[in-house]
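Everything on this sheet refers to the single structure shown next.
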Amino acid sequence: MNRHPQRSSLPPAHLVAQRVFSAIERFLHVEAVSGIVLLAAAATALIWANSPASASYQHLWHAPLTVGFGELVLSQPLEFWINDGLMTIFFLVVGLEIRREMHEGALSRVRQATLPLAAALGGVLAPALIYLSINAEPPLEDGWAIPTATDIAFAVGVLALLGKAVPPSVRILLLALAVIDDIVAVVVIALFYSAGFSADGLLISLGGVLLVLALQHLGVRAALAYVVPGAILWFGLLRAGVHPTLAGVILGLLTPTRALGASEGFFGAATRALNDFRQRARSGRRDPSELRQPLKELRVAQRELLPPAVRVQMALHPWVAYGVMPLFALANAGITLDDIDISDAAARSVAFGVFIALVLGKPLGIFLATWLVVRFNVCSLPADVTWRSVALVGCLGGIGFTMSIFIATLAFGGEGLLGAAKLGVLVASATAAVVGVLFGKAVLPRPAAKRPRQANEH
């Protein structure tokens, strides 16, 4: 009996294309793969920057690129458009994730959020204090926030390598901790790594926010309609001296989390459109032009069945995971090792401080903070989460990578200290990933093997 008659009736070429695109879609949503792509981009940058073609690497990212129209023109190096432009999309996804977690996730209830909140704060304070204990004098102390961040995509991707042995509650704990980490990183960037505020820039930013709210009030749901207000917000923050990537976080937090598709109106529109199709099929009318309106109603109903925050995040996720983040790694992980003077005490101290703070400070802070809130009955460990699982989450929290490198570019302007900080981040993130996988393999229970079915079982 053919279970898929509609598929079997398709031409062979269509079936092959369908299978290929389904495989690509599954590939794009495997978190472990996105982490591998990110790692490959960083490795490519390192090899390129230290190869005989290293001059082309530096020339590429410093090549000027002009964007604008009329008298409003902005000319900056390509590296700027990646770090301050494309990374805004990354921060938009971060803002959407924060918005969703606050609405219906681990941050929606105080008691539920207590454990990841405490773990995240411990994972921020301990690395910062360890780094400052090693680098207490200026300008080295400016890098204190570098080891406080956790790379969500990379950490979750490494966790996915452990397979089904990881309980869902452990993954949720890591996600919630990483989201809170990102919130702290956003606040740190806004308060400590932004230039003096400019009033006219803040007014432009406010105009962008008001335009977003006005469009939402008018019921405009198409994501493309918010590109112009988002650009105004981005330019205003840049002019105000605030890091412009924070525009992405603001837009993410302003995105609605309620789906209009829950209302009877959209279900009714979809039902009417389907009934219209059915009637036309029965009557034998095949004029394609008459199907435009029903098709439009179906597209609107399909779009509005998901909340805007979910819809936009799903649409942007592959672009960020396989485009923005690897491109950022390619542009920023290319450390020319010859330019890092290991004999320079300052550079050596920065690299060592970042490494120790990420590899030791992160797991230590996460574990101790979690133990304290559980010990004093502020909250309890979720089901299926053991202290070994908490230690595993702590190890993976040491994978700073994208966010840590991003903060390093804000903390240090000189190539010497910046290169040393990036080197510390890369080595520490790789070490934390390897330690996390080995520790997870050692402490997580192996999934029980399936018992083979007997011949007489039905």
Side-chain angles (χ1 to χ4, degrees), residues 30-32 34-35 97-98 100-101 104-127 130 147-184 357-401 403 428-449:
V30 175
E31 288 151 336
S34 64
E97 186 67 39
I98 294 171
R100 288 182 60 193
E101 290 293 327
E104 59 184 3
L107 307 182
S108 59
R109 292 184 295 273
V110 175
R111 183 166 179 81
Q112 187 179 2
T114 301
L115 184 69
L117 179 61
L121 292 179
V124 168
L125 290 175
I130 289 176
T148 63
T150 296
D151 189 300
I152 296 180
F154 209 165
V156 175
V158 172
L159 188 68
L161 294 176
L162 297 173
K164 296 180 180 179
V166 181
S169 49
V170 175
R171 183 179 183 276
I172 293 172
L173 176 61
L174 178 61
L175 276 173
L177 182 149
V179 169
I180 298 171
D181 242 12
D182 283 342
I183 296 175
V184 175
L358 278 171
V359 175
L360 294 181
K362 270 288 184 180
L364 185 64
I366 290 171
F367 190 90
L368 285 180
T370 304
W371 182 83
L372 285 173
V373 292
V374 173
R375 172 67 178 80
F376 290 100
N377 295 322
V378 178
C379 60
S380 58
L381 291 179
D384 297 330
V385 175
T386 65
W387 287 112
R388 291 181 177 182
S389 302
V390 175
L392 172 61
V393 170
C395 292
L396 297 179
I399 303 176
F401 210 72
M403 191 67 82
S429 297
T431 303
V434 172
V435 170
V437 170
L438 295 178
F439 184 76
K441 292 285 187 182
V443 303
L444 290 177
R446 295 183 179 180

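Computed from a predicted model, the values in this text were never measured in an experiment.
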| query | So do the side chains of Leu381 and Thr370 get within less than 4.5 Å of each other, counting heavy atoms only? | reply | yes
| query | Any side-chain heavy-atom pair from Asp151 and Met403 closer than 4.5 angstrom? | reply | no
| query | Below 4.5 Å, heavy atoms only, C-beta onward: do Leu115 and Pro382 meet side chain to side chain? | reply | yes
| How far does CG of Leu396 sit from CZ of Phe439, to the nearest 0.5 angstrom? | 10.0 Å
| note | Heavy atoms of Val435 and Cys395 approach each other most closely as CG1-SG, 4.1 Å
| request: Give, for atom CG of Leu360 and atom OG1 of Thr431, the distance between the pair rounded to the nearest 0.5 Å. | output: 10.0 Å
| Closest non-hydrogen atom pair between Gly361 and Ile130, with its separation | CA-CD1, 3.5 Å
| request: Could you walk me through whether Leu159 and Leu392 pass side-chain contact (heavy atoms from CB on, under 4.5 Å), step by step? | output: CA-CA 9 Å; Leu159 188 68; Leu392 172 61; 4.1 Å; yes
| If every non-hydrogen atom of Ile366 is compared with every non-hydrogen atom of Gly123, which pair is closest and at what distance? | CG1-CA, 3.8 Å
| query | Roughly how far apart are Leu121 CG and Ile180 CD1, rounded to 0.5 Å? | reply | 7.0 Å
| request: Grab the two heavy atoms, one from Trp371 and one from Trp387, that are nearest each other, plus how far apart they are. | output: CA-CH2, 3.4 Å
| Residue pair Ala178 / Thr150: nearest heavy atoms and the distance that separates them | CB-CG2, 4.4 Å
| Is any side-chain heavy atom of Val170 less than 4.5 Å from a side-chain heavy atom of Asp384? | no
| task | Identify the two heavy atoms, one from Ala119 and one from Leu177, that lie closest to each other, and give their separation to 0.1 Å. | result | CB-CD1, 3.5 Å
| message | Filter on salt bridge (charged side-chain N to carboxylate O under 4.0 Å, His left out), then keep only pairs touching residues 358-380, sequence neighbours left out; what's left? | response | Asp181-Lys362
| Whether Thr114 side chain and Cys379 backbone form a donor-acceptor pair below 3.5 Å | no
